[in-house]
Amino acid sequence: MIIAVDGPSGSGKSSTARGVASRLGLRYLDTGATYRAVTWSALDRGLDLDDTAAVAQRARELELEISTDPDHQFVIADGTDVTAAIREPRISEVVSKIATNLDVRKELIRRQRAVIDAAQEAGEPSGGIVVEGRDIATVVATDAELKVLLTADQEARMARRGAELGSVTAEQLRDQIVRRDADDATVSEFQVASDGAVTVDSTYMTLDEVVEVISRLALESVAQGRSYDG
Ligand SMILES: Nc1ncnc2c1ncn2[C@@H]1O[C@H](COP(=O)(O)OP(=O)(O)OP(=O)(O)O)[C@@H](O)[C@H]1O
Ligand SMILES: Nc1ccn([C@H]2C[C@H](O)[C@@H](COP(=O)(O)O)O2)c(=O)n1
């Protein structure tokens, strides 16, 4: 089964999707990490991020290994472990430039689908995957059995990101949440639920509660699928 989790920045997609995968014995794919890895590589090579052709070429050439084990996440780009580096503010500040490059998206969506296919072929108990990002239900895996739009109001998302990053100014927080969502929304629809998607508003929910709700929805959709199959 494929569980798609989309939503705005700071809504809790990564933590929740990882928690659901871990609880249900599924694989987990953080598609944002693929955009971050290309950003890291483009900066490492000194590319001009506005040179869309050069950056897209880098995306096609990059050797990328991304873990789908929810309990042991790593990202390796051209042989370098960039798991921590791709989370640095210097990456977060510019990653939208890479994520709005349509040729980069084409290449990374192709790779994300390959990872999803491999997880599907792995068979039970891990023949399923929780995939999180911005365009999973609408583009990457439109056939997902469960589609979740995970939201939280802007203040909650800024507070969560603030607690995570520590000492950041209000302006930096706004850039991380509001500006980034505005840029990312120019290429993906993650602010309203797509057809068949369930909206989960996590504003007043703990992380454990959100994991519980989505795990329950996943088990219900498996049960429904079985009864449709007869
Ligand atoms: N329901 C929740 N209640 C409180 N804090 C939460 C909740 N869900 C996630 N968090 C915390 O909020 C922060 C952001 O969560 P997370 O990184 O999972 O969001 P995200 O949607 O993946 O963000 P981004 O798309 O920007 O990477 C983390 O510190 C996480 O622990
Ligand atoms: N499917 C996706 C996943 C991510 N993005 C964008 C959004 C951010 O600008 C960047 C990094 O994502 P994050 O790690 O913060 O979730 O990639 C996207 O456009 N589509």
Side-chain angles (χ1 to χ4, degrees), residues 4-21 28-40 42 49 59 66 70 73 75 82-83 85-102 104-113 115-116 130-142 144 147-166 168 173-191 194 200-214:
V5 181
D6 293 300
S9 188
S11 59
K13 299 178 300 296
S14 313
S15 335
T16 303
R18 215 170 39 242
V20 170
Y28 159 70
L29 177 61
D30 171 359
T31 59
T34 65
Y35 292 98
R36 288 173 177 273
V38 171
T39 307
W40 176 87
L49 301 189
I66 182 160
Q73 282 287 289
V75 181
V82 296
T83 313
I86 61 171
R87 306 289 161 196
E88 288 171 7
R90 70 186 183 94
I91 303 291
S92 303
E93 281 159 17
V94 296
V95 63
S96 293
K97 277 194 186 206
I98 273 58
T100 53
N101 178 325
L102 296 183
V104 169
R105 294 195 78 79
K106 190 172 165 196
E107 170 61 16
L108 293 185
I109 288 167
R110 184 188 70 74
R111 293 182 188 224
Q112 291 158 13
R113 286 180 175 148
V115 173
I116 294 168
V130 188
V131 188
E132 62 94 356
R134 305 292 191 287
D135 59 348
I136 309 308
T138 53
V139 177
V140 177
T142 53
K147 298 176 178 180
V148 175
L149 179 73
L150 183 60
T151 64
D153 70 27
Q154 192 173 292
E155 268 181 30
R157 293 187 288 114
M158 285 175 61
R160 288 174 188 175
R161 184 66 9 107
E164 183 182 8
L165 295 176
V168 278
L173 267 186
R174 187 160 283 277
D175 182 73
Q176 279 302 302
I177 299 287
V178 185
R179 192 270 311 158
R180 199 141 71 89
D181 279 348
D183 288 353
D184 294 333
T186 61
V187 290
S188 308
E189 181 51 88
F190 55 83
Q191 285 163 330
S194 58
V200 176
D201 182 345
S202 71
T203 307
Y204 302 106
M205 295 167 80
T206 65
L207 179 54
D208 281 351
E209 286 169 339
V210 185
V211 169
E212 170 66 29
V213 165
I214 297 179

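Remember, it's 1-based here, ligands and their atoms both numbered in the order they're listed.
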Subject >> Part of R180 within contact of ligand 2 (heavy atoms, under 4.0 Å) >> reply: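 R180 to ligand 2: side-chain contact only, backbone stays beyond 4.0 Å.
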Subject >> Residue portion contacting ligand 2 (non-hydrogen atoms closer than 4.0 Å) for Q112 >> reply: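 Looking at Q112 and ligand 2, no heavy atom falls under 4.0 Å.
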Original post:
Hey, is the main chain of P8 close enough, under 3.5 Å, to the side chain of K13 for a donor-acceptor pair?
Top reply: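 A pair under 3.5 Å: yes.
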N/O separation below 3.5 Å, [X] to ligand 2:
X: R36; result: yes
X: T31; result: yes
X: S188; result: no
X: D184; result: yes

Looking only at protein heavy atoms, identify the closest one to [atom] and say how far it is in Å.
atom: atom 6 (C) of ligand 2; value: A99 CB, 3.6 Å
atom: atom 12 (O) of ligand 2; value: G32 CA, 3.5 Å
atom: atom 17 (O) of ligand 2; value: Y35 CB, 3.6 Å
atom: atom 20 (N) of ligand 2; value: R105 NH2, 3.2 Å

Original post:
Among all residues two or more places apart in sequence or in another chain, which pass the side-chain contact (heavy atoms from CB on, under 4.5 Å) test with E93?
Top reply: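 So E93 forms a side-chain contact (heavy atoms from CB on, under 4.5 Å) with P89, D175, Q176.
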Subject >> Any residue meeting side-chain contact (heavy atoms from CB on, under 4.5 Å) with I109, in chain and number order, not counting sequence neighbours >> reply: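 Applying side-chain contact (heavy atoms from CB on, under 4.5 Å) to I109 gives Y35, R105, Q112, R113, D135, V139, V140.
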Original post:
Do other residues, nucleotides or ligands put more than 12 heavy atoms under 6.0 Å from R174 CZ?
Top reply: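 No - once you tally the heavy atoms of other residues, nucleotides and ligands closer than 6.0 Å, there are 12 at most.
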Residues [X] and [Y]: side-chain donor-acceptor under 3.5 angstrom:
X: R160; Y: S11; value: no
X: T83; Y: Q73; value: no
X: T203; Y: D201; value: yes

Original post:
Is E107 paired with R111 through a side-chain N to carboxylate O contact shorter than 4.0 Å?
Top reply: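 E107 and R111: salt-bridged.
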Subject >> Set of residues that line ligand 1, where lining means a heavy atom lies under 4.0 Å from it >> reply: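 The answer is P8, S9, G10, S11, G12, K13, S14, S15, R134, R160, R161, E164, R180, M205, T206, L207, V210, counting any residue whose heavy atom sits under 4.0 Å from ligand 1.
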Subject >> Contact with ligand 2 for S9, non-hydrogen, under 4.0 angstrom >> reply: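 No, that is not the case, since the closest heavy atom of the residue is not under 4.0 Å from the ligand.
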Original post:
In Å, rounded to the nearest 0.5 Å, how long is the span from CD1 of I136 to CG of L149?
Top reply: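 Interatomic distance, I136 CD1 to L149 CG, rounded to 0.5 Å: 12.5 Å.
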Subject >> Student check: side-chain heavy atoms of L102 and V187 closer than 4.5 Å >> reply: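 Result yes, sub-4.5 Å side-chain heavy-atom pair found.
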Original post:
Where the closest heavy atom to atom 16 (O) of ligand 2 is concerned, which of K13, R134, K97 has it?
Top reply: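 Nearest heavy atom to atom 16 (O) of ligand 2 lies in R134.
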Original post:
Can you pull the side chain to side chain donor-acceptor pair (under 3.5 Å) pairs that have at least one residue in residues 148-158, sequence neighbours excluded?
Top reply: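 Passing the test, one end in residues 148-158: R157-D181.
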Original post:
Near D135, which atoms of ligand 2 are under 4.0 Å from a heavy atom of that residue?
Top reply: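 Here the atoms of ligand 2 in question are 1 (N), 2 (C), 20 (N).
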**OP:** Might you work through the side chain to side chain donor-acceptor pair (under 3.5 Å) test for R180 and S96, ending with a clear yes or no?
**Re:** CA-CA 7 Å; R180 199 141 71 89; S96 293; 5.2 Å; no
